[in-house]
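Presented below is the structure to which this report refers.
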Amino acid sequence: MMNLFLIGMMGSWKSTVGRKLAETIKMEFVDIDDAIEEVTEMKISDIFQEFGEARFREMETAFFSEKSKQENQIFSTGGGVIMDPRNRNVLKKNGTTIFLNASIETLAKRIHNTKKRPLLTDDNNLKSQLEKIWKERKKYYEDSAHHTIYTDNLNPIQVVDKILNLLENQFENH
Ligand code: S3P
């Protein structure tokens, strides 16, 4: 199989689900944010603060395009990866992309630490900040995804099971 990409908003469980799925089916797991932090030896929030969002996006795109050249990996991407057309092209062509969708209400409940998420600056206005980001990105998540899973009423293990079902069906149909 080629790569499996998980996309979705902050709090959509991309990393939690990606890690569990990789353990279950014994595939390599790549978390793009973690990879950036490891190589730069900086926290994502510090990168935003020191160099700005535009520079972070360049790093994100460079890391993503480089890492996705190898196959058989499960990727957890940062929530904003779909903003760059080059990344959307990779998501469409270099594997299977699954959009973990959830309501703003659910995302806000799952996000506990906004310090780790520089785009969410105000704990008291979490929902309106998420709503604004969602409006800008909705189209790109939908355009980039081969499959969408609504996770509002699921736990991470159930999401993993849904992905396994999707992959089995995909395998059977080819
Ligand atoms: C971002 C999401 C974060 C991280 C950065 C920007 C975004 O990743 O890449 O703070 O633009 O949505 P998670 O989606 O894993 O929180």
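Just follow the structure's listing: the first ligand is 1, and inside any ligand the first atom is 1. Since the model is a prediction, treat every value here as computed from it, not as a measurement. Only this structure's heavy atoms are used, side chains among them; waters, hydrogens and symmetry mates stay out.
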* Could you give me the CA-CA distance, side-chain angles and deciding distance for Ser15 and Asp31, then say whether side-chain hydrogen bond (donor to acceptor under 3.5 Å, both in side chains) is met? => CA-CA 7 Å; Ser15 301; Asp31 184 305; 2.8 Å; yes
* Asked: What's the verdict on ring-ring contact (aromatic ring centres under 6.0 Å, His included) for Phe56 and Phe63, showing C-alpha distance, side-chain angles and the deciding distance?
  -> CA-CA 11 Å; Phe56 170 76; Phe63 271 82; 9.4 Å; no
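No N or O atom of Gly11 sits closer than 3.5 Å to an N or O atom of ligand 1.
Between Arg19 and Glu23, no side-chain nitrogen of the basic residue sits less than 4.0 Å from a carboxylate oxygen of the acidic one, so the salt-bridge criterion is not met. Taking 4.0 Å as the cut-off between side-chain N and carboxylate O, Arg88 and Asp84 do not count as a salt-bridged pair. Salt bridge status for Arg57 with Glu60: present, with a side-chain N to carboxylate O gap under 4.0 Å.
The closest protein non-hydrogen atom to atom 10 (O) of ligand 1 is Pro118 CD, 3.4 Å. For atom 4 (C) of ligand 1, the nearest protein heavy atom (residue, atom name, distance) is Asp33 OD2, 3.1 Å. Closest to atom 14 (O) of ligand 1 among all protein heavy atoms lies Lys14 NZ, 2.7 Å. Counting protein heavy atoms only, atom 5 (C) of ligand 1 is closest to Ile44 CG2, 3.9 Å.
Using bins of under 30°, 30° to 60° and over 60° for the plane-to-plane angle, the ring pair Tyr141/Phe99 lands in the parallel bin.
The nearest non-hydrogen atom to atom 6 (C) of ligand 1, considering only Arg117, Arg137, Arg57, comes from Arg57.
Close contacts of ligand 1 with Leu119, meaning ligand atoms under 4.0 Å from a residue heavy atom, involve 7 (C), 11 (O). Counting atoms of ligand 1 from 1 in the listed order, those under 4.0 Å from a heavy atom of Gly78 are 8 (O), 9 (O), 14 (O).
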